[in-house]
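Some notes on the structure that comes next.
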There are 2 protein chains.
Amino acid sequence: METRELRYFVAVAEELHFGRAAERLGIAQPPLSRTIAQLEHRLGVALLTRTSRRVALTHAGATLLEEGRAVLGALAAAERRTRQAATDRPCLVLAAKSGGSGEVLAKLLDAYAAEPGSVPVEVLLCESNTHVPLLDGRADVALLHEPYEPTTGLDTEVLHTEGQVAVMPSAHPLASRPRLRVADVTSLPEAARWPNGDGTYPDGPGLQVRSMTQLLQMISLGRAVAVLPEAVCAEKTEGLTTVPVVDAPLVTTVIAWPPHSRSRALADLVRIATGFAQVT
Amino acid sequence: METRELRYFVAVAEELHFGRAAERLGIAQPPLSRTIAQLEHRLGVALLTRTSRRVALTHAGATLLEEGRAVLGALAAAERRTRQAATDRPCLVLAAKSGGSGEVLAKLLDAYAAEPGSVPVEVLLCESNTHVPLLDGRADVALLHEPYEPTTGLDTEVLHTEGQVAVMPSAHPLASRPRLRVADVTSLPEAARWPNGDGTYPDGPGLQVRSMTQLLQMISLGRAVAVLPEAVCAEKTEGLTTVPVVDAPLVTTVIAWPPHSRSRALADLVRIATGFAQVT
DNA sequence: CGGTATCGATACCCGCCGGGTATGGGTGCC
DNA sequence: GGCACCCATACCCGGCGGGTATCGATACCG
């Protein structure tokens, strides 16, 4: 299988529409149809069921979509890491959520920079999906938050575990409660909804938000309420009240990196991070 | 980057010889040279240093070789799993070392087959490198032995841990000792050597063996001595003596599978295996 | 020291394949 | 029943991948 075929198939499988997929790929529709048909013929497998009105994935197609995304990510990673290896100035790229764990991040960077033999660290801030740049090679190491982000296929070390709190305006009816449960918050009409991995929002009521700053602003305006890790309330609490949510899942901050990584700089950073975490 | 380019580069990087690599790929040497040069040009990176007498990998080339092998393995895996998904008769492929853990394997297969909703299991026996078919998609799940086989990038559950024993003819001078140390055995001239991952043998004295049956036969003939996990002596011990080796690393049998696996059948098999291991 | 064998690079040609436009055919909607 | 939408087919063209022939460099050997 050629990567061109795989890229084309992933585009069609994601769009479920040959015309839009072709446009996204910057080619015309007929060659795309032909390439997909060739791919199916070579594999000896039907990947898509197409009527003239609707395109749908077969079970095999869904499998290839999932596996193929991983392959394309690994390919992009190989390319980027090869280029990085060619520069004799080594450099680590660390991915982190822009909203989360700002203080931990600063301390980690300082502690690592003080290490003898340390290497420049570039920080890649993501609004969400911090694990993605790790899989496609844009980052060498990332700070992830379980259980919100998947860590399968990655090597990880736990840095920090914390409970979650409900964040709301001080004037909110629930603000005076000593503690809350998840159901108390999610049943509210102003409970916030986060996008799924594909950019769509889950069904149901509530505000649609894309980033932590957006969410905090909406809470300040009295338009939203959310359950968030304790650490976020360390920053912006003017006019806001936080109430512990006793049955919310614990949030674990982990440092994660791709398997097979054999870089001295990465090993140092992980060692600093874990040692640092135990001191805290 | 196209997979064709990657396949070509991996071949050259492994052979370190354009002519042999071209032969292996079934093409002539000039197009191969040209394709590698194009790849280097597109990446903007030198992958190989070539004189007219010697070809060597640059640091970037070594990186691309390692990452590229993983990508090609993932691609083969995607292809195989897609074909498998197209057959409505699901089937699990389990890889195991032909010599090792035969009894555990039989019990596991029986226990899983008795499970309601279980699926046919095909067993793929390997002489060594049981993890390879897992990475290139020929197997869905494997029994691996740490620390002999790498498990990075795989999800694992521990099944069994055991010590190691020295296996030798009953007439051997060391056979009467109550216990041994690793150095006692490896210093012997008849210590066996296993091939490296690439098929070459490490330097030094001692017999070169490729498989467990071959090794046991050589031991029976008085031509070899080896340090092996306890379980192997459960089978062939006629005329052989086993002596515990106190400082040999513990051998852990694990069941391993690729991350992201979401198959019901695989989850069942792992559950059976781990539950089964605790009973033992 | 010159002859030679080895090995990668270059030059050049050809056939195939990937991509383009034009068009057909099937299906749901008004 | 007309129409719009959308995937498939037909056909042409240019570029690229692969072939043969050959060059140039280097290590080895007599």
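In what follows, chains carry the letters A, B, and so on, assigned in the order in which the sequence lines appear, proteins first and then strands, with residues in each chain numbered from 1.
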request  = Flag the pair B:Arg20 and B:Glu14 as a salt bridge only when some basic side-chain nitrogen lies within less than 4.0 angstrom of an acidic carboxylate oxygen.
outcome  = no

key: Residues A:Lys97 and A:Glu149 bridged, charged N to O under 4.0 Å   = yes

To the nearest 0.5 Å, what is the distance between [atom1] ([X]) and [atom2] ([Y])?
X        : Y        : atom1 : atom2 : answer
A:Glu5   : A:Glu40  : CD    : CD    : 11.0 Å
A:Leu269 : A:Arg264 : CG    : CZ    : 12.5 Å
B:Leu65  : B:Leu57  : CG    : CG    : 6.0 Å

key: Strand-adjacent residues in residues 30-40 of chain A, judged by heavy atoms under 4.0 Å from DNA chain D   = A:Pro30, A:Ser33, A:Arg34

inquiry  = Using a strict heavy-atom distance below 4.0 Å, which residues from residues 4-21 of chain A are in contact with DNA chain D?
reply    = A:His17, A:Phe18, A:Gly19

Taking [atom1] from [X] and [atom2] from [N], how many angstroms apart are they, rounded to a whole number?
X       : N      : atom1 : atom2 : result
A:Leu47 : D:dC7  : CG    : C1'   : 16 Å
A:Arg53 : D:dA4  : CZ    : P     : 12 Å
B:Glu23 : D:dG19 : CD    : P     : 13 Å
A:Arg54 : C:dG28 : CZ    : P     : 8 Å

task = Taking only the side-chain heavy atoms of B:Gln29 (C-beta and beyond), determine which of D:dT20, D:dA27, C:dA9 contains the nearest atom.
result = C:dA9

ask   = What's the shortest heavy-atom distance between B:Leu134 and B:Asp140, and which atoms?
value = CD1-C, 3.6 Å

query = CZ of B:Arg223: more than 12 outside heavy atoms within 6.0 angstrom?
reply = no

query = Do the side-chain N or O atoms of A:Arg50 get closer than 4.0 angstrom to the phosphate oxygens (OP1, OP2) of D:dA8?
reply = yes

ask   = Which sits closer to the 5' end of DNA chain C, A:Ile27 or B:Val55, going by the nucleotide each is nearest to?
value = B:Val55

task = Any chance you could lay out the side-chain hydrogen bond (donor to acceptor under 3.5 Å, both in side chains) test for A:Glu67 and A:Thr63, step after step, and finish with the verdict?
result = CA-CA 6 Å; A:Glu67 301 264 337; A:Thr63 302; over 6 Å; no

